[in-house]
Amino acid sequence: MSAVKTSVARVESVTPIVWKGTHLALLDQRVLPGELCYLDCRSAEDVAAAIHGMAVRGAPAIGIAAAYGLVLALRDNAAAMPAAVATLAASRPTAVNLRWALERMQRQWEQHADVGLLEAEAIRIHQEDLAQNLQMGAFGAALIAPGAQIVTHCNTGALATGGHGTALGVIRTAYAQGRVVRVYNTETRPWLQGARLTAWELQQEGIPAKLVADGAVAHLMSREKIDWVIVGADRIAANGDTANKIGTYALAVAARRHGVKFMVVAPSGTFDLHCPDGAHIPIEERAAAELTEFRGAAIAPAGFDAFNPVFDVTPAALIDAIVCERGVIEKPTRERVLPVLS
Ligand code: MRU
């Protein structure tokens, strides 16, 4: 994998995933917003390393990247499908969009065994994600009354998707329609997707926003009129239980305590109907060092252990609406999810 750096200052809109025909260029999100650096991936292993290493992140974005990873693998070796799927699928366990995209690519290969058609399928997955986000933006914005103050968590914008974003896409559309007066975006420890990435996207869009520490949101809700918490999802079970970035569950509990409505925004590829409820969703745990160190410097005593789950499950009972490109599921239950998704 090679890295190509350019200047951040002159960049107004940034594409995180660029298919170059010969290779895949992935914006290295670990160094944003300070540096704009694309990693050139030339194999499925390169793409899997970029996904596991968090260079590309966000459930839809890793699904799109993995689809292109299969094109790279099959171009070199027509027998590479099983091994490449296994390598890519193992790169991150919670976001089901990854498995969804790999299964779609496998079906395409089983039908035609043609690399050109496989490449076209990856490009379709990429383009469809943008179209779905625009549709979800319209559905979600319609739920928001003018004058709204919104809390969002992690990064769910153009950087995490094929463009526009899921939760941040709803916020973008609602702001363009004059419905949003302020966004509070959480820092999102420990990778700081909110402070580094969402803040950057909000600033580029000129949306009035304030950064808030993850632990300050319940206090914020007790002092300010907050209308909606709007978040994305990494996997939604058949009953509407939703896995998303660690801290989402705490936001949902605080929202219910303070009468704030809670919206989840995710495309149909984020639903896992084989998963009956949230207890069956695998939760990724990452290295203790992500908590005990900051940029390589120790912030906890040497040798101190840490529990570092990077997603949690918000029970469906705490969710007011799930917005997907097929429609809005209010007060989600299994009986309400299945007709929209099957
Ligand atoms: O660990 P990350 O940065 O991949 O986590 C991302 C999230 O949790 C997002 O909220 C989710 O993937 C939805 S992105 C549109």
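Numbers here simply count residues along the sequence, with the first being 1.
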Are side-chain heavy atoms of [X] and [Y] found at a separation under 4.5 Å?
X: F271; Y: I329; value: yes
X: W228; Y: V151; value: no
X: I150; Y: I144; value: yes
X: R286; Y: M54; value: yes
X: M263; Y: V170; value: yes
X: R235; Y: N244; value: no
X: V340; Y: I322; value: no
X: Q132; Y: D129; value: yes

To check you understand the geometry: which heavy-atom pair defines the closest contact between [X] and [Y], and what is its length?
X: L72; Y: C41; value: CD1-O, 3.5 Å
X: A73; Y: A44; value: CB-CB, 3.9 Å
X: A55; Y: L39; value: CB-CD1, 3.6 Å
X: A25; Y: D40; value: CB-OD1, 3.8 Å
X: A84; Y: L70; value: CB-CD2, 3.6 Å
X: D46; Y: R42; value: OD2-N, 2.9 Å

query: Is the shortest distance from a Lys or Arg side-chain nitrogen in E205 or R172 to a carboxylate oxygen in the other one below 4.0 Å?
result: yes
field: Residue pair I123, E128: steps toward the side-chain contact (heavy atoms from CB on, under 4.5 Å) verdict
entry: CA-CA 8 Å; I123 293 169; E128 281 173 14; over 6 Å; no
message: Looking at P282, is its backbone amide N or carbonyl O close enough to the side chain of T94 to form a donor-acceptor pair, meaning the two atoms are under 3.5 Å apart?
response: yes
- request: Say whether, by atom type as modelled, one donor and one acceptor occur between the side chain of D312 and the main chain of I246 under 3.5 angstrom.
  value: no
task: Go through the steps for W200 and L159 under the test side-chain contact (heavy atoms from CB on, under 4.5 Å), then give the verdict.
output: CA-CA 10 Å; W200 193 54; L159 293 168; 4.0 Å; yes
R92 and E284: CA distance, side-chain angles, deciding distance, salt bridge (Lys or Arg N to Asp or Glu O under 4.0 Å) verdict: CA-CA 7 Å; R92 290 196 78 188; E284 178 181 5; 2.9 Å; yes
message: If only side-chain N and O atoms count, and only distance matters, is there a donor-acceptor pair under 3.5 Å linking T198 with N155?
response: yes
message: Ignoring hydrogens and geometry beyond distance, is a side-chain donor-acceptor pair present between Q29 and W191 at under 3.5 Å?
response: no
Distance, nearest 0.5 Å, that separates [atom1] of [X] from [atom2] of [Y]:
X: D227; Y: K225; atom1: CG; atom2: NZ; value: 3.0 Å
X: I64; Y: N97; atom1: CD1; atom2: CG; value: 8.5 Å
X: L338; Y: N239; atom1: CG; atom2: CG; value: 9.5 Å
X: L117; Y: W109; atom1: CG; atom2: CH2; value: 9.5 Å

Hydrophobic cluster partners of L318 (side-chain heavy atoms under 4.5 Å): Y249, V253
field: Partner of L74 by side-chain contact (heavy atoms from CB on, under 4.5 Å), out of M105, M81, E119
entry: M81
statement: In T270, T161, V231, the residue satisfying side-chain contact (heavy atoms from CB on, under 4.5 Å) with T166 is T161
- request: Using the six-membered ring wherever Trp is involved, compare the ring planes of Y68 and H126 and label them parallel, tilted or perpendicular (cut-offs 30° and 60°).
  value: perpendicular
query: Does the salt bridge (Lys or Arg N to Asp or Glu O under 4.0 Å) test come out yes or no for K245 and D234, once each step is laid out?
result: CA-CA 8 Å; K245 178 53 55 196; D234 287 80; over 6 Å; no
task: Might you work through the salt bridge (Lys or Arg N to Asp or Glu O under 4.0 Å) test for R196 and E201, ending with a clear yes or no?
output: CA-CA 9 Å; R196 295 185 301 104; E201 290 202 48; over 6 Å; no
task: Dump the intermediate steps for side-chain contact (heavy atoms from CB on, under 4.5 Å) on Q135 and H164, then the final yes or no.
output: CA-CA 10 Å; Q135 179 63 68; H164 195 65; over 6 Å; no
message: Between R107 and E110, does the salt bridge (Lys or Arg N to Asp or Glu O under 4.0 Å) criterion hold? Intermediate values first, please.
response: CA-CA 5 Å; R107 282 197 296 277; E110 278 157 19; over 6 Å; no
